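Reading through the structure tokens given below for one structure.
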Amino acid sequence: MHNLKELRNNLDNFKKKLKDRNIQFDINDFNLKDVLNRDLISKKEKLENEKKLLSKSKNKSNFERSKIISKEIFELNKKQTLSQNELNKIVFSLPNLALECVPIGKDEKSNRLIKKSGAIKNFSFNVKSHVELGAVKKNIDFDTAIKLSGSRFVILKDKFALLERALINFMLDTHVINFKYTEISPPLIVNEDVMFGTGQLPKFKDDQFEIKFNNTDERKFLIPTAEVVLTNLVRKSIIERNVLPKRFVASTPCFRKEAGSYGKDVKGMIRQHQFYKVELVSIVEPNKCSEELERMLKCACSILDKLEIPYQVVLLSSGDMGFSAEKTYDIEAWIPSENKYREISSCSSCGSFQARRMGAKYKSESGNEFVGTLNGSGLAVGRLMIAMIENNQNEDGSINIPNVLKKYMNNLEKI
């Protein structure tokens with residue numbers, strides 16, 4: 001969320017920066033709603049001060065005037081609430097601004113390649129997709145999942161279920177032991193305020209799975225990513241500076257409607273309504289965000305390095321970044337059956353954008369200031385399975401187990 005005072009004082013700059021994010025910011029509409037809202041607040045405060053002065057007077061003739069003022073305040077308060085809601089609709093829907101180092105562009109066509117890593121294998125046979133490899137014994141079973149839950153769900157069986165668990169444990173151990181992240185086992189259901197804090201609401205409500213409870217108006221949601229809960233661990237708090245940075249990691253199921261993605265990646269495990277992800281979150285001083293983003297990127301890339309899976313890193317353009325991000329790197333793993341790289345992680349710095357929505361601050365030398373937040377997949381488990389299965393396949397359909405995974409796979413050589 002943006003500072004309202006900064007927004008008012010730099011409208012032309014915000015309009016230009018928001019255009020880089022594919023947002024047309026109507027300055028006139030904002031000004032009209034902002035001026036109206038401030039005018040109503042000013043009138044209300046003036047009447048409240050008058051009422052306060054009357055209450056101190058012992059003159060009984062002021063009683064009727066006080067009653068009239070109370071009614072006027074009540075009516076003004078109703079109008080100002082509606083006015084504030086209209087202004088909030090504008091402010092809450094504005095994405096974070098891109099940093100100067102981010103390439104300007106409307107979409108992924110303007111993304112900038114940062115590096116490639118790992119050698120792409122030259123297979124001596126026709127490679128199979130993860131769907132084909134898993135279909136032999138129905139160990140990757142989409143048909144039964146459809147009967148149970150509908151499309152975009154999957155059932156993993158036997159050694160493939162073990163492989164999923166092995167990858168999760170391997171990643172958690174790597175991030176906790178090697179990179180000193182604190183492991184968290186968080187709730188999978190959160191309230192509306194928490195979803196607002198990281199930017200999922202109100203703009204992306206159509207992507208969320210909302211849960212209906214009886215006898216309450218409180219809204220609850222299945223988490224679309226552990227970023228939501230891990231980042232909100234510091235909401236509505238003031239953190240001591242000496243405990244920063246805070247680094248959290250969690251493995252959780254994630255739930256997304258994938259609204260707007262109909263027809264995209266309908267075959268296989270690329271785009272599911274439910275999937276596992278190992279998520280990294282950092283809470284830092286705002287001036288440490290850039291440094292922390294590079295560290296987080298290295299932590300995520302190390303998983304692919306250890307598994308010897310080829311990948312590339314791209315810096316996303318201003319028009320391709322997520323809502324809360326000021327700078328984002330995507331890590332894309334090589335998928336042999338598609339003969340291309342596929343996103344397996346996004347690592348983003350959000351500056352103080354989310355902290356302002358959450359009310360998360362730290363004690364700086366100059367007073368209480370909003371923290372900086374970062375998040376990244378470390379990695380998406382389903383997509384990592386796809387990359388690992390396809391890059392390690394043999395002509396007979398068996399799959400070699402990378403050395404670093406063997407202890408998590410009961411010392412199996414292949415499946």
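Values below: every heavy atom of this structure, side chains too, minus hydrogens, waters and symmetry copies. Source: prediction; values computed, not measured.
- Salt bridge present: Arg247 and Glu292 bring a charged side-chain N and a carboxylate O closer than 4.0 Å.
- One finds no salt bridge joining Lys298 and Glu294 here, because no Lys/Arg side-chain nitrogen approaches an Asp/Glu carboxylate oxygen to under 4.0 Å.
- Ionic pairing of Asp158 and Lys137 is not present here: no N-O contact between side-chain nitrogen and carboxylate oxygen is shorter than 4.0 angstrom.
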Solution key, residues 408-415 side-chain donor-acceptor pairs under 3.5 Å, sequence neighbours excluded:
| residue | atom | partner | partner atom | Å |
| --- | --- | --- | --- | --- |
| Tyr408 | OH | Asp173 | OD2 | 2.7 |
| Glu413 | OE1 | Lys406 | NZ | 3.0 |

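- In summary, the aromatic rings of Phe204 and Phe323 are positioned with their centroids under 6.0 Å apart.
- Ion pairing of Asp34 with Arg8 is present here, as a side-chain N (NZ or NE/NH1/NH2) and a carboxylate O approach within less than 4.0 Å.
- For Phe209 and Phe221, the distance between ring centers is not under 6.0 angstrom.
- No hydrogens or angles considered: a donor-acceptor pair under 3.5 Å links the side chains of Asn77 and Lys44.
- Salt-bridge check for Lys89 with Glu86: passed, with a basic side-chain N closer than 4.0 Å to an acidic carboxylate O.
- Counting only N and O atoms by type, the side chains of Thr216 and Glu218 include no donor and acceptor under 3.5 Å apart.
- A salt bridge between Lys33 and Asp29 is present, with a side-chain N of the basic residue lying under 4.0 Å from a carboxylate O of the acidic one.
- Side-chain N or O atoms of Ser345 include one that pairs as donor or acceptor with a backbone N or O of Ser377 at under 3.5 Å.
- A salt bridge is defined here as a Lys NZ or Arg NE, NH1 or NH2 lying under 4.0 Å from an Asp or Glu carboxylate O, and Lys78 with Glu75 meets this definition.
- Between Glu285 and Arg241, at least one side-chain N (NZ, or NE/NH1/NH2) sits under 4.0 Å from a carboxylate O, which counts as a salt bridge.
- Using a 4.0 Å cut-off between charged nitrogen and carboxylate oxygen, Glu45 and Lys52 do not count as a salt-bridge pair.
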